[in-house]
Amino acid sequence: MTRAKIIGIGSYTPERVLTNSDLEKIVDTSDEWIISRTGIIERHIAADDEDTSDMCVEAAKSALDMAGLKETDIDMIIAGTVTPDYRLPSLSCMIQKKLGASNSATMDIVAACAGFIHGLSVAQAYIATGTYKNILVFGAEKLSSITNYDDRNTCVLFGDAAGAAILTASDDESGILSTYLKSDGNLDRLLYIEAGGTHTPYGQNGDFRKQDTCIVMHGNEVFKHAVRYMGDAAARVAKEAGFTPDSIDLLVPHQANIRIIQATAKRVGVPWEKVYLNIEKYGNTSAASVPLALDQAVKEGRIKKGSNIVIVAFGGGLTWGAAAIRW
Ligand code: ACO
């Protein structure tokens with residue numbers, strides 16, 4: 001089977017920064033609580049007129065540039081998101097239009113924070129079968145649009161960002177060596193948005209309460225599952241790829257909580273200096289988290305040709321997944 005590799009990576013974060021001290025003025029919280037319980041210091045928030053697709057287009061431009069491709073070279077766009085511009089059409093259609101990627105098929109993936117890794121796995125399968133040549137995979141969120149800024153349990157966690165990766169067939173030893181995806185729909189009520197679907201459609205039964213249109217999370221329960229499943233998934237793909245803990249150059253985990261990341265690193269057996277962290281600057285950007293971190297790690301020289309990388313993410317659904325990559 002043909003292996004897929006990432007030949008271009010890019011990301012975008014909005015200009016506006018929301019700090020912990022800004023949040024102290026909005027809800028009953030403290031800089032000390034947020035840092036000690038999560039590791040987050042600030043997060044970026046998109047402008048009112050800035051849609052998820054706008055952030056994706058900026059991320060895609062950098063990825064195309066790195067890959068040396070034009071928009072029209074893209075055969076398929078896959079977008080992992082829970083915050084598309086519209087319920088219909090898809091985010092990937094909006095990206096196609098704004099980017100001018102007129103030769104592409106499009107699809108969205110709803111797997112919360114694990115959306116990018118799900119997209120990567122689907123792209124890899126299409127490349128392996130020779131169905132598509134150049135696939136643009138996004139993880140992108142405007143979480144501020146579904147965050148309840150009256151709820152201190154969630155509003156301190158989330159930020160906005162987009163990340164993009166271009167995959168094509170590998171002609172050398174590099175590429176995606178193994179992937180793993182898993183879900184447990186029985187844990188649906190640990191992390192959800194009540195309104196907007198068929199169960200509680202907009203426009204019926206009078207007006208919605210604002211909180212019904214925003215993320216609700218039972219953080220403590222989610223935390224326990226995240227610690228277990230992120231570690232297991234990352235260890236599993238590393239083993240399948242033939243990576244020993246020593247041969248892993250960088251673990252790039254979903255940036256939801258520094259304590260979850262510490263537990264994941266311990267389970268995989270990699271020392272702290274081999275873990276990529278940017279949670280303090282961006283918080284939890286859901287599907288954007290892993291591609292944003294990957295892009296920054298590449299730009300900072302922490303990922304080079306031949307590096308052995310493990311990426312792993314976990315989110316609402318519950319959904320989780322991981323991939324082992326030789327860069
Ligand atoms: N400031 C101050 N106090 C707070 C805040 C806050 N922002 N938020 C909660 N607290 C309080 C709670 O009310 C509670 O007080 P109480 O004991 O008087 O009731 C206390 O702090 C402890 O609350 P916990 O929820 O037990 O705190 P915990 O240590 O679990 O940290 C957190 C909460 C940070 C949310 C953590 O549980 C977590 O990171 N969970 C996982 C999140 C995650 O990975 N989500 C998946 C991805 S998100 C997605 O898919 C979109």
Side-chain angles (χ1 to χ4, degrees), residues 18-43 52 80-84 109-118 139-162 181-185 187-194 196 213-234 253-264 277 279-280 282-290 292-293 311-322:
L18 184 68
T19 64
N20 289 351
S21 40
D22 294 332
L23 283 161
E24 282 175 346
K25 294 173 196 129
I26 302 173
V27 285
D28 179 15
T29 191
S30 67
D31 181 46
E32 193 280 327
W33 191 96
I34 302 172
I35 292 177
S36 64
R37 304 311 290 165
T38 72
I40 302 167
I41 297 173
E42 58 190 35
R43 63 292 287 145
T52 308
T81 192
V82 294
T83 48
I109 290 185
V110 182
C113 308
F116 175 76
I117 294 180
H118 278 66
E141 306 285 7
K142 186 174 177 176
L143 287 183
S144 59
S145 69
I146 54 166
T147 297
N148 179 357
Y149 286 95
D150 292 330
D151 176 17
R152 71 175 183 172
N153 291 295
T154 53
C155 74
V156 301
L157 306 173
F158 301 129
D160 302 333
L181 305 178
K182 191 77 171 42
S183 303
D184 187 350
L187 300 173
D188 57 330
R189 296 307 276 185
L190 293 189
L191 180 46
Y192 64 95
I193 297 171
E194 184 61 40
T213 65
C214 294
I215 298 174
V216 176
M217 182 167 71
H218 299 285
N220 207 289
E221 282 301 306
V222 173
F223 186 96
K224 289 180 210 156
H225 293 290
V227 163
R228 181 168 154 218
Y229 294 139
M230 292 242 305
D232 286 353
H254 172 43
Q255 311 279 314
N257 186 311
I258 199 161
R259 293 179 291 140
I260 298 174
I261 295 173
Q262 282 162 345
T264 305
L277 268 193
I279 188 170
E280 70 283 2
Y282 305 104
N284 179 349
T285 58
S286 185
S289 181
V290 167
L292 171 64
I311 59 175
V312 60
F314 175 92
L318 299 178
T319 56
W320 60 100

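Numbering of ligands and ligand atoms starts at 1, following listing order.
- Within the 4.0 angstrom cut-off, atom 21 (O) of ligand 1 has one or more protein heavy-atom neighbours.
- For the pair Cys155/Asn148, no side-chain contact is recorded, criterion being any heavy-atom separation below 4.5 Å from C-beta on.
- By the definition of a contact as any protein heavy atom under 4.0 Å away, atom 14 (C) of ligand 1 is not in contact.
- Contacts with ligand 1 closer than 4.0 Å are made by side-chain heavy atoms of Ile260 only, the backbone lying farther away.
- Residue contacts with ligand 1 for Leu143 are absent, since no atom lies close enough (heavy atoms, distance under 4.0 Å).
- Residue-to-ligand polar distances place Gly219 within reach of ligand 1: an N/O pair is separated by less than 3.5 Å.
- Residue Thr29 touches ligand 1 through backbone and side chain together, judged by heavy-atom distances below 4.0 Å.
- Atom numbering of ligand 1 starts at 1 in the shown order; those under 4.0 Å from a heavy atom of Arg259 are 28 (P), 29 (O), 31 (O).
- For atom 51 (C) of ligand 1, the choice among Cys113, Ala256, Ala226, Cys155 with the nearest heavy atom turns out to be Cys113.
- Checking side-chain atoms of Thr264 against main-chain N and O of Ile260 turns up a donor-acceptor pair under 3.5 Å.
- The single protein non-hydrogen atom nearest to atom 10 (N) of ligand 1 is Trp33 CZ2, 3.4 Å, given as residue, atom name and distance.
- Counting heavy atoms from C-beta on, the side chains of Leu157 and Thr38 come closer than 4.5 Å.
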### Query
Do Glu141 and Val82 pass the side chain to side chain contact (heavy atoms under 4.5 Å, CB included) test, and can you show the C-alpha distance, the side-chain angles, and the key distance before you say yes or no?
CA-CA 7 Å; Glu141 306 285 7; Val82 294; 3.4 Å; yes
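- Asp31 and Ser21 form no side-chain donor-acceptor contact under 3.5 Å, judged by distance and modelled atom types alone.
- In terms of polar-atom proximity, Leu157 is not counted as a contact of ligand 1, lacking any N or O under 3.5 Å from an N or O of the ligand.
- Counting only heavy atoms, the protein gets under 4.0 Å from atom 45 (N) of ligand 1.
- Atom 4 (C) of ligand 1 lies below 4.0 Å from at least one non-hydrogen atom of the protein.
- In terms of polar-atom proximity, Ser286 is not counted as a contact of ligand 1, lacking any N or O under 3.5 Å from an N or O of the ligand.
- No side-chain N or O of Glu42 forms a donor-acceptor pair with one of Thr19 less than 3.5 Å apart.
- At a distance under 4.0 Å, a protein heavy atom can be found next to atom 37 (O) of ligand 1.
- Close approach of ligand 1 to Asn284 (heavy-atom distance below 4.0 Å) involves ligand atoms 47 (C), 48 (S).
- Between Tyr192 and His218, the two ring planes are tilted [angle within 30° to 60°].
- At a 4.0 Å heavy-atom cut-off, ligand 1 touches Thr38 through the side chain alone.
- Here the side chains of Tyr282 and Leu292 are in contact, with some heavy-atom distance below 4.5 Å.
- For ligand 1, the atoms closer than 4.0 angstrom to any heavy atom of Asn257 are 34 (C), 36 (C), 38 (C), 39 (O).
- Scanning the protein for heavy atoms near atom 18 (O) of ligand 1, the closest one is Arg152 NH2, 4.9 Å.
- Under 4.0 angstrom from ligand 1, there are no non-hydrogen atoms of Val27.
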